Amino acid sequence: MLDLKELRENVDQVIELLNRRGDDFSYLKEVVALDEKRREIIQTVESTKAKRNDISKKIGQYKREKKDPQPLFDEIAQIGQGVKTLEKELEDIEQEIQHHLMMTPNVPHPDIPVGKDESDNEIIKTEGEPTTFDFEPLAHWDLAQSLDIIDFDRATKVAGSRFAVYKGLGARLERVLIQFMSDLHAHEHGYTEILPPYLVNEASMTATGQLPKFKEDAFQIRDERGFYLNPTAEVPTINLHRDEILDAKEIPISYTAFTTAFRKEAGSAGRDTRGIIRQHQFNKVELIKFTKPEDSYNALDEMLTHSEKVLKLLKLPYRVVNLCTGDLGFSMRKTYDIEVWLPSYNTYREIGSISNAEAYQARRGNIKFKRDAKSKPEFVHTLNGSGLAVGRTVVAIMENYQQADGTIKIPDVLVPYMKTDIIK
RNA sequence: GGAGGAGUACCCAAGUGGUUGAAGGGGCUAGCUUGGAAAGUUAGUAGGUCGGAAACGGCGCAAGGGUUCAAAUCCCUUCUCCUCCGCCA
């Protein structure tokens, strides 16, 4: 959520920055006008209430002193007039302001590249060389089929399209990667492990920014409580501290959370229909941080190195891009994507992203901290990053580690986990 | 699913319509006392949020509605926790 005060003071600048996302945000001027009106009404309503409270108190006093309170009743009868209608008007205005604020994305960081879509992202660095083969490499779905480690047909029978059944060493590889990544972040990078609920409520989805605008992307449970299926560990994990005021001593807070994520992929019909690149259900190890405002960009860069570490240990070629304004997620101010080399696509594909929401989610979720006992609470900054998307890591390993005979070599670091060095 | 009970400030807890703009403890902070501490003692301790340049004011007793000039207190709805029974990995 945008900060109303900041918006009030810098409408033009905020609109200019938001417009870089490729939409028109000039309606925010009306929001500022509504806020003007809102504050006007508040002043009237509150001074009236103050008067009424005053007289009410006097009535109590008169009664105790056995004086006749009738004149005060006459007085108060008029004072109350109109407060109800004004309060109703106030409520309507506040709702409208709230609606606009909830539907408005985060303001892009002024320094990130301005652009329309992913083709305008800025490549920051490239690690390793695209894998070369002295044979014709197969796509992961073909490898999966010939090695019998992923069953797409039966997944369709059991659930539907965009689902997969992992089998044998395929299932083991997926499970082992979850453990490998969680161990790395928990033991070596100092994150606290979280295993959160997979059903989340509407308030949680709203705080992180999935709702109200992107309802159609989420699976909702048919139940009077209206639960949503976890679309990313970011949702339950950021919401651990919703409506809390943290002690400065507690932050930064660093969590790593493995969850299975569920997404409708409503906007990507027909895209990536083959293989397991884009599924309704996928596993992900996530990194989440709560920091003081002044520390969040250092934390972002550090988180990036933690995500990269996974690929480095797996010896997979990748690159890091700085997302342009047009490709930036709704709640985020700045995002790095990590893209891994996929031979069958002959290109780099996203395998994780690391973002700083600054105070945007903290404001929506009311997550604050106090510098010391006497200071005013301030909003924390929230960050989240992939550490990484597990299914896509499986794809990257299959495709990059495939051998001429159709087998797949297991990356050295995974061998102790896998208890084998080859899938054949 | 059935039957009961309970949610008051950091914690415990009093409080059934008007000096409660929340008693009393504990804890915490500061002072006195002490060689230093403990004990003792005195004082401070809703936090938050919204409006306001400020003074100050609005809201706040799980949440949301309602009754009333006035609600922690009366009414309605919801949520959470606890106990017992049933079911269950």
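Since this is a predicted model, take the numbers as computed values, not measurements. First the proteins, then the strands, lettered A, B, ... as listed; each starts at 1.
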For atom CG of A:D243 and atom C1' of B:U49, their distance in whole Å:
12 Å

Rounded to the nearest angstrom, tell me the gap between atom CZ in A:F369 and atom P in B:G47.
19 Å

Donor-acceptor check, side chain of A:N356 to backbone of A:T335, threshold 3.5 angstrom: yes or no?
no

For B:G51, does the base pair up with any side-chain atom of A:Q43 as donor and acceptor (N or O, under 3.5 Å, distance only)?
no

Does this structure show an ion pair linking A:K370 with A:E250, if we count only N-O contacts that are shorter than 4.0 Å?
no

State plainly whether the residues A:E294 and A:R371 are in salt-bridge range, i.e. N to O under 4.0 Å.
yes

Please write out each protein N/O paired with an N/O of nucleotides 18-22 of chain B under 3.5 Å, distance rounded to 0.1 Å.
{"unit_1": "B:G18", "atom_1": "O2'", "unit_2": "A:R64", "atom_2": "NH2", "d": "2.6"}
{"unit_1": "B:G18", "atom_1": "O6", "unit_2": "A:K63", "atom_2": "NZ", "d": "3.0"}
{"unit_1": "B:G18", "atom_1": "N2", "unit_2": "A:S56", "atom_2": "O", "d": "3.0"}

Evaluation steps, side chain to side chain contact (heavy atoms under 4.5 Å, CB included), between A:K289 and A:Y255:
CA-CA 6 Å; A:K289 258 184 198 280; A:Y255 292 132; over 6 Å; no

Determine the contact category for A:K58: base if any of its heavy atoms lies under 4.0 Å from a base atom, sugar-phosphate if only primed atoms, P, OP1 or OP2 are that close, otherwise nothing.
nothing

Just N and O in the side chain of A:N53: are any of them under 4.0 Å from OP1 or OP2 of B:C59?
yes

Out of B:G57, B:G51, B:C69, minimum distance to the side chain of A:R38 belongs to B:G51

Reading RNA chain B from 5' onward, which residue's closest nucleotide shows up sooner: A:I42 or A:E46?
A:I42

CD1-CZ distance between A:I276 and A:R278, expressed to the nearest 0.5 angstrom:
13.0 Å

Whether A:R225 engages the ring of A:F227 as a cation-pi pair (distance to the six-membered ring centre under 6.0 angstrom, angle to the ring normal within 45°) should be assessed.
no

Separation of atom CG in A:D3 from atom C1' in B:C50, rounded to whole Å
13 Å

Is there a side-chain contact between A:R39 and the phosphate of B:G52, meaning an N or O under 4.0 Å from OP1 or OP2?
yes

Six-ring centre of A:Y62, A:K57 cation under 6.0 angstrom, axis tolerance 45°
no

For a quick check of understanding: with a heavy-atom distance under 4.0 Å over all strands, which category does A:R8 fall into, base, sugar-phosphate or nothing?
sugar-phosphate

With the side chain defined as heavy atoms from C-beta on, A:K49 is closest, among B:G51, B:G48, B:C59, to B:C59

When you check the phosphate oxygens OP1 and OP2 of B:U49, does a side-chain N or O of A:K368 lie under 4.0 Å from one of them?
yes

Base, sugar-phosphate, or nothing for A:K51, non-hydrogen atoms under 4.0 angstrom?
nothing

